[in-house]
Amino acid sequence: MWRLNAVRHKAGRQGSDLEEFKFKRREHEKELRRARKDSQLVSKRLLLNDDEEEDGTMDTLASDRVVELFNIVRHGRDLVKKEADLRALRKALRSPSAHLILIKQPNSIAILVTNLCGPNPQCRLEAARCLHELSHSPHSEVDSLRLRQATPYLITFLSGQSPKFTELCLYTLGNMCPDSENVRDMLLAQGIIPALNNCIQIHRTNLAVVEAVGFTLSQLISANYVTGTIIPAVLASGLIPRLLSVLTPDSQFGLGPVIECAWCLHYLACSNVDNGALVAQGTLLHCTSLLVTLGVAVAKGSIEEGIELLIWPLLRCVGNLLLSGPLGALQPQLNDSRLLAALCAFPQAFLQTHPALARESIWVLNNLTAAADSSVFCSALFYLNLVPALIQLLPFSHGINIMVLRVLGNIAHQGREYCLHLAQAGLLPALCATLKMADTEVVTFSLEVLGQLMASDPQLAEEFVRQSGLPVLEAIQYSNQETIRLRATHLLEHHLPPHCTVDTSASQ
């Protein structure tokens, strides 16, 4: 139901490791996009009417019956009867086979548009529902280009006062957005962005319409082929403050509007068109504040159904915005230390049910601690006693332990005192365990962190030996991965205490 999309991810520090990480992440994102497409997570939305059940679909109708209903609508003149005729046609269109039959009729879309713009409000509503059914069609033949005659009117109606009719128009337009780049460009030229801005202002107290605006906007800006004009137009439209004002969940209505608007902010941030403008308008502040609120609730065990669908885009938005400038310049919007606690609470809560979400949370933590001016966040992790919780995540796969190792490496990079605190938190025995893992990437990062610890203070090298780490390093010399062998040999030859007898012949 909700859309998940690719996101730019930040690796660790400079060098070939960074390029390799970026390459692997790009390949992983391709797989994610393919999986999401196959699972129809980038989905069209079908509104249900008061007279229909949620799973109610009509049986396949005979071709003659669909043609008969359409001809009645086309030739009917009595407005009262026409409303009933349009309703019958709309119900017939609940059968996907009827879509193909209808669009083959001469001027079928034009007839619906004529009724959409007619004088009778109920006929307009039923005609809009017919178009909405077609916009949700599973058939490629019923694409948005066939429905383009209706789009100028649908956009115009977004300024109307009827919430039900406006919501219907929004979801119809939103369903049309994913079909092609040409459709998006057409909607942009017809003024959909200022129309959405005006619509969310008119109906700001109607959360159903606000959710529909978020859905339509996210459909418009989510594709990886979005043109260079759409994102700048959204950023300049005044929509950002309106989206941010929605980031307060309503206990009565549910999470829908907040989720939709959060995904919009995520798509804008990952486009990297002008993240400075997003930060300047308070996006980072609002998203982190909501993450703190959610983190407090999650830490208390209050996990509302579907809350992960909100946490996900917020994490991605924050993670990408952290790359928009020096961390010091962003700190005024990151002044709540509870953000770190939230980023550590999410992995604990969703480790088993949503491991990818746990990884995303640690990725944001990585971005907070990887910058040159990140010492305040690294210190806060110790002050809040969050490092032990991170170390406890090292046994878990799905990329979680790799991301944790990156965070721990960022902390160790701050210097000797930080390395000593890491050792006191129990990192050395945990590294002994990760060095034995079959995942070569985990072993590589473990060696890097271990090297930082040993280089910072000889006492940590001695402690590693006391933790039975020496045989582990010696065993790595038999690895079939040359890079790992060389790193292990370097640690054995240059960082272990002189009294340790080391046989490095296996690496020759």
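Given the structure is predicted, the values throughout are model-derived calculations rather than measurements. The first residue in the sequence is number 1, and the count goes up from there.
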Practice problem: Scan for ring-ring contact (aromatic ring centres under 6.0 Å, His included) pairs involving residues 119-159, sequence neighbours excluded, and state none if there are none. | Solution: F157-F165
Quiz item: Taking atom NE2 of H203 and atom CG of L158, what is their separation to the nearest 0.5 Å?
Solution: 8.5 Å
Quiz item: Quick check: are there more than 12 heavy atoms from other residues, nucleotides or ligands sitting under 6.0 Å from CD of E141?
Solution: yes
Quiz prompt | Donor-acceptor contact present, side-chain N275 to main-chain A269, <3.5 Å | solution = yes
Quiz prompt | Any donor-acceptor pair under 3.5 Å from N107 side chain to A110 backbone | solution = no
Quiz prompt | From CG (L170) to CG (L47), nearest 0.5 Å | solution = 9.5 Å
Practice problem: Go through L187 and C177 one step at a time and tell me if the side chain to side chain contact (heavy atoms under 4.5 Å, CB included) criterion holds. | Solution: CA-CA 8 Å; L187 294 174; C177 289; 3.7 Å; yes
Exercise. Report the C-alpha distance between R242 and N197 in whole Å, list the side-chain angles of each, state the deciding distance to 0.1 Å, and finish with yes or no for side-chain hydrogen bond (donor to acceptor under 3.5 Å, both in side chains).
Key: CA-CA 8 Å; R242 306 197 192 287; N197 185 36; 2.7 Å; yes
Self-check item: Distance in Å, R148 CZ paired with Q190 CD, rounded so as to fall on 0.5 Å steps
Solution: 10.5 Å
Exercise. State the CG-CD distance between L294 and E304, to the nearest 0.5 angstrom.
Key: 9.5 Å
Quiz item: Under 3.5 Å, is there a donor-acceptor pair between the side chain of T151 and the main chain of L147?
Solution: no
Exercise. Working to the nearest 0.5 Å, report the span between SG of C123 and CG of L112.
Key: 11.5 Å
Quiz item: Between S95 (side chain) and A92 (backbone), is there a donor-acceptor pair under 3.5 Å?
Solution: no
Quiz item: For the side chain of N367 and the backbone of G319, is there at least one donor-acceptor N/O pair under 3.5 Å apart?
Solution: yes
Exercise. Could you check K164 against E167 for salt bridge (Lys or Arg N to Asp or Glu O under 4.0 Å), going step by step and ending with a plain yes or no?
Key: CA-CA 5 Å; K164 180 184 292 187; E167 185 184 4; over 6 Å; no
Quiz item: Hey, are the side chains of L46 and R94 touching, using non-hydrogen atoms and a 4.5 Å cut-off?
Solution: yes
Quiz item: Taking everything shown except N71 itself, do over 12 heavy atoms lie less than 6.0 Å from its CG?
Solution: yes
Exercise. Assign the ring pair H266 / W263 to parallel, tilted or perpendicular, where the plane angle (0 to 90°) is split at 30° and 60°.
Key: perpendicular
Quiz item: Would you call R184 and E181 a salt bridge, taking side-chain N to carboxylate O under 4.0 Å as the test?
Solution: no
Self-check item: Under-4.0 Å salt bridge between E126 and K91
Solution: no
Quiz prompt | Check: T283 side chain, L278 main-chain N or O, donor-acceptor pair, under 3.5 Å | solution = yes
Self-check item: I362 backbone acceptor or donor facing N366 side chain under 3.5 Å
Solution: no
Exercise. Apply salt bridge (charged side-chain N to carboxylate O under 4.0 Å, His left out) to D274 and list each qualifying residue two or more places apart in sequence or on a separate chain.
Key: none
Exercise. Would you mind listing every salt bridge (charged side-chain N to carboxylate O under 4.0 Å, His left out) that reaches into residues 328-342, with sequence neighbours excluded?
Key: D336-R338
Self-check item: D85: which of K82, R87, K81 passes salt bridge (Lys or Arg N to Asp or Glu O under 4.0 Å)
Solution: K81
Quiz item: After noting the C-alpha distance and the side-chain angles of C344 and L390, does the key distance pass the side chain to side chain contact (heavy atoms under 4.5 Å, CB included) rule?
Solution: CA-CA 7 Å; C344 292; L390 289 173; 4.1 Å; yes
Exercise. Could you grab the distance from atom CD of E133 to atom NE2 of H99, nearest 0.5 Å is fine?
Key: 5.5 Å
Quiz item: Between R45 (side chain) and N175 (backbone), is there a donor-acceptor pair under 3.5 Å?
Solution: no
Exercise. Any chance you could lay out the side chain to side chain contact (heavy atoms under 4.5 Å, CB included) test for F70 and R65, step after step, and finish with the verdict?
Key: CA-CA 9 Å; F70 173 69; R65 177 55 178 161; over 6 Å; no
Quiz item: Where the side chain of T156 meets the backbone of P152, is there a donor-acceptor pair that is under 3.5 Å apart?
Solution: yes
Self-check item: Residue among V67, L93, I109 satisfying side chain to side chain contact (heavy atoms under 4.5 Å, CB included) with L102
Solution: L93
Self-check item: Donor-acceptor contact present, side-chain S361 to main-chain L343, <3.5 Å
Solution: yes
